[in-house]
Asks: 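Okay, here's the structure, questions in a sec.
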Amino acid sequence: MCKRRLPPDVTRLHIGTMPLERRYDLVHDPGNSSAKVAEAPNSAEEALRDSEEKYRMLLDEIQDYAIFMLDPQGVVVSWNAGAERIKGYKADEIVGHNFSVFFSPEDIKQGMPEKLVRITATNGRHEFQGMRVRKDGSRFLASIIFIALRDPAGNLRGFSEISRDLSESKESAAKYRGLLEAAPDAMVVVDQSGEIVLLNVQAEKQFGYRRDELIGQKVKNIIPQGFAERLIADGTRTAAEALAQQIGTGIELTGRRKNGSEFPIEIMLSPLESTEGILVTAAIRDISVRKAAEKHLGQMEGRYRGLLEAAPDAMVVVNQGGDIVLLNVQAEKQFGYHRDELVGQKVKNIIPRGFAERLIADGTRTAAEALAQQIGTGIELNGLRKDGSEFPIEIMLSPLESTEGILVTAAIRDITTRKKTDAHVLELNRSNEELGQFAYVASHDLQEPLRMVASFTELLARRYKGKLDSDADEFIGFAVDGARRMQRLIQDLLAYSRVATKGNDLVHTSSEEALRRALLNLRAAIEESGALVTHDPLPTVLADERQLIQVFQNLIGNAIKYQNPGVPRMHISAARNADKKWTFSVKDNGLGIDPQYFEKIFVIFQRLHKRDEFSGTGIGLAICKRIVERHGGTISVESQLGHGSTFSFALAASEGKS
């Protein structure tokens, strides 16, 4: 701010009809503490001069107050040492100049100096607090007493001002300034006219101004909308009432920096009683980061809602009070409600038992502990539709942090179909168990009478062959063959039924040893056919050794049986798969299988050839399938007619073994 030039005119004060300068001149000589005495026509005037000199010297001793006199037009005619210290002017710099130099340009524009003279001339005395301007242009808050001076006849002869700089008068003011500067937020003190009277360094940094650029300015310069309006009373309440309504509450407004940029702020207002009346202290916080975070959170919430809607299951978000705060369209469909019928309602309305209890702490644990116990586990409960019908559900709970605290997201799946399937599977398993038990009992009980039939038919064949006619020999031959085939069928059926019920524990088993014993069992067939069986190094697996021998024996036996003319060739290998299991392959050069029969060949009693072409009961591959499934694996075939077949099955590896 620049210094204002003083007006050049000097108006002299007259007492009675005689010019004051003829009696005594009150213009001070800076180098001399005595007034310049004009004429002394008589002793009365000398006494008056001595009295005024003593009064002037007394005023100069008062350093805390600015005391000076004005003529009726407001021109300074006297000046004490306190005025020089507070306002910065020396006597010869200010005497003869209009007192309007102590007012701000805004006050001058509004005619405040003239108003003050007019009001005081009418009332005789006017006390108030206001902003004053020093010689260097800086502003300060002053306590002012303005007095009209009149002669005995009541004629106005001038004015006297006694003022004090309030910003330096009290120790508490210094402490308050210290607190203001130590505050982490911008602090601005404003009077009820909306002018800034005090601020701290954080306010300078936040708004980009120097302190002297803001003192005395309107707060609207830095907070354009909303703040100043709270300091001005409307037609129905006082300014104090308007202010009190906002005290202690955070007000979100927009601040404006010196460079014109705007930023979001939050203001906390608090009243400050002072000798000047109620001032307002505003703590101002830049909330740009928080607003950005809120925007990001809003975007995240939008994405979360999108994920919620895209979920294939019903999704319900519940607070720890058990209130539904969010749900998706699948939840509407599943429970039969419109969304607005559920939001804000208790979750017990749709899941009457079990779920809400997991959100409420019992006497031995907190709600968080009760919730954490269920996180990541599927809970089977019953859901309740709007129409009152219940249905089985499975719930997966997961925590969700939010500004409202920990919420719970529940993924809810209707498991009606699964429950029906489970019941069907349970019934099927029971039926299979009963069938297996029946097959075992039937085959076991049939063996004895069948053995008798076979023995006696063979005895008849040996004793009477050739002694009866040819028809009798043929009939006896049919009976013997039928009895033998029946024995093989019952034995295979018994072996099939015993796979699950009579199997041994799965232990570390050498698959090479199992293959060796299978080949030993097939020695006669191998020698008769001239078959060539080779194998790679085979691993140790977890298996029932007896059943693994049977798998190798059945697969190699089939390869020898279903063979084109020539030498049967088989190769057995094993390789690790992605599941860390061993996949075994038994490859042959036999007849091959049409792909349409790949599934059929593993079904019990299913044959692809007539009995007179190849012997067998059609149970061998079914037994292999059941054994492999008991070991937790699967069996399959790859083949083409005339190009051989490769049977593959997987078994679990034995850890630490190769």
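Values reported hereafter were calculated over all heavy atoms of this structure, with side chains retained and with hydrogens, waters and symmetry mates removed.
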Asks: Supply the atom-to-atom distance Leu591 CG to Tyr562 OH, rounded to the nearest 0.5 angstrom.
Replies: 9.5 Å
Asks: Nearest 0.5 Å please: distance from the CD1 atom of Ile623 over to the CG atom of Asn554.
Replies: 6.0 Å
Asks: Give the minimum heavy-atom separation between Arg385 and Glu390, together with the two atoms involved.
Replies: NH1-O, 4.1 Å
Asks: Test Gln206 against Ile222 for side-chain contact (heavy atoms from CB on, under 4.5 Å), laying out the working first.
Replies: CA-CA 10 Å; Gln206 201 167 102; Ile222 59 172; over 6 Å; no
Asks: Just how far is it from atom CE of Met315 to atom OG1 of Thr409, taken to the nearest 0.5 Å?
Replies: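 It comes to 6.0 Å.
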Asks: So does Pro539 get a backbone contact from the side chain of Ser511, meaning a donor-acceptor N/O pair under 3.5 Å?
Replies: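 Judged by distance alone, yes, a pair lies under 3.5 Å.
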Asks: Should the heavy atoms of other residues, nucleotides or ligands under 6.0 Å from NZ of Lys386 be counted, would the total exceed 12?
Replies: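 Above 12, so yes.
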Asks: In Å and rounded to the nearest 0.5 Å, what is the CD to CG distance from Glu341 to Leu327?
Replies: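 One gets 10.5 Å once the value is rounded to the nearest 0.5 Å.
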Asks: Minimum heavy-atom separation for His571 to Thr534, with atom names?
Replies: ND1-OG1, 2.7 Å
Asks: May I ask you to decide if Pro264's main-chain N or O and Thr254's side chain share a donor-acceptor pair within less than 3.5 Å?
Replies: no
Asks: So which atom in Ile549 and which in Ala518 form the shortest heavy-atom distance, rounded to 0.1 Å?
Replies: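 Looks like O-CB, 3.6 Å.
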Asks: Taking Ala283's backbone N and O only, do any of them form a donor-acceptor pair with Asp185's side chain (distance below 3.5 Å, no angle check)?
Replies: no
Asks: Using a distance-only test with no angle check, is there a side-chain donor-acceptor pair under 3.5 angstrom linking Asp594 and Gln596?
Replies: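 A donor-acceptor contact under 3.5 Å links the two side chains.
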Asks: Just do the side-chain contact (heavy atoms from CB on, under 4.5 Å) check on Ile265 and Glu252 with the steps written out, would you?
Replies: CA-CA 6 Å; Ile265 58 175; Glu252 290 191 6; over 6 Å; no
Asks: Given side-chain contact (heavy atoms from CB on, under 4.5 Å), test Ile350 with Leu384 step by step and report yes or no.
Replies: CA-CA 5 Å; Ile350 59 173; Leu384 181 64; 5.6 Å; no
Asks: I'd like to know whether Phe552 forms a ring-ring contact (aromatic ring centres under 6.0 Å, His included) with Phe647, so could you lay out the CA-CA distance, the side-chain angles of the two residues, the decisive distance to 0.1 Å, and finally the verdict.
Replies: CA-CA 10 Å; Phe552 282 134; Phe647 286 85; over 10 Å; no
Asks: Please walk me through it: do Glu332 and Arg339 pass salt bridge (Lys or Arg N to Asp or Glu O under 4.0 Å)?
Replies: CA-CA 6 Å; Glu332 294 182 272; Arg339 192 165 310 201; 3.0 Å; yes
Asks: Please evaluate residues Arg626 and Glu629 with respect to the criterion salt bridge (Lys or Arg N to Asp or Glu O under 4.0 Å), reporting the C-alpha separation (whole Å), side-chain torsions for both, the decisive distance (0.1 Å), and the verdict.
Replies: CA-CA 5 Å; Arg626 197 166 192 196; Glu629 288 177 347; over 6 Å; no
Asks: Which atoms form the tightest heavy-atom contact between Tyr337 and Asn349, and what is the distance?
Replies: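 Taking Tyr337 first and Asn349 second, the nearest heavy atoms are OH-O, 4.1 Å.
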Asks: Calculate, to the nearest 0.5 Å, the distance between atoms CD and CG belonging to Gln553 and Asn521 respectively.
Replies: 4.5 Å
Asks: Provide the closest heavy-atom pair for Val325 versus Val343 in the form atom of the first, atom of the second, distance.
Replies: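 Result for this residue pair: O-CG1, 4.2 Å.
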Asks: For Glu380, does the CD atom sit with more than 12 other heavy atoms under 6.0 Å from it, leaving out its own atoms?
Replies: yes
Asks: With the side chain counted from C-beta on, respond yes when Phe649 and Leu555 share a heavy-atom pair under 4.5 Å apart, and no when they do not.
Replies: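 They are in contact (side-chain heavy atoms under 4.5 Å apart), so the answer is yes.
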Asks: Does the Thr509 side chain pair with the main chain of Ala543, one donor and one acceptor, at a distance under 3.5 Å?
Replies: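 Checking the backbone N and O of Ala543 against the side chain of Thr509, a donor-acceptor pair under 3.5 Å is found.
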Asks: Given 3.5 Å as the limit, does a donor-acceptor pair link the side chain of His535 with the main chain of Ala574, or not?
Replies: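 Absent.
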Asks: When you compare the side chain of Glu309 with that of Val329, does any pair of heavy atoms fall below 4.5 Å?
Replies: yes
Asks: Look only at the side chain of His631 and the backbone of Ile627, and say whether a donor-acceptor pair between them is shorter than 3.5 Å.
Replies: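 It does hold such a pair.
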Asks: Test Asp588 against Arg569 for salt bridge (Lys or Arg N to Asp or Glu O under 4.0 Å), laying out the working first.
Replies: CA-CA 6 Å; Asp588 65 54; Arg569 295 178 182 275; over 6 Å; no
Asks: Does Gln640 use its side chain to pair, donor to acceptor, with the backbone of Gly592 at less than 3.5 Å?
Replies: no
Asks: Could you state the interatomic distance from NZ (Lys625) to CG (Leu621), rounded to the nearest 0.5 Å?
Replies: 11.0 Å
Asks: Let's go through Arg413 and Met396 carefully: what are the C-alpha distance in whole Å and the side-chain angles of both, what is the deciding distance for side-chain contact (heavy atoms from CB on, under 4.5 Å) to 0.1 Å, and is it a yes or a no?
Replies: CA-CA 9 Å; Arg413 178 167 294 175; Met396 292 290 290; over 6 Å; no
Asks: Has the side chain of Gln563 got a donor or acceptor atom that lies under 3.5 Å from a matching backbone atom of Ala559?
Replies: yes
Asks: Do you know which two heavy atoms are closest between Ile267 and Ile284, and how far apart they sit?
Replies: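 That closest heavy-atom pairing would be CG1-CG1, 4.0 Å.
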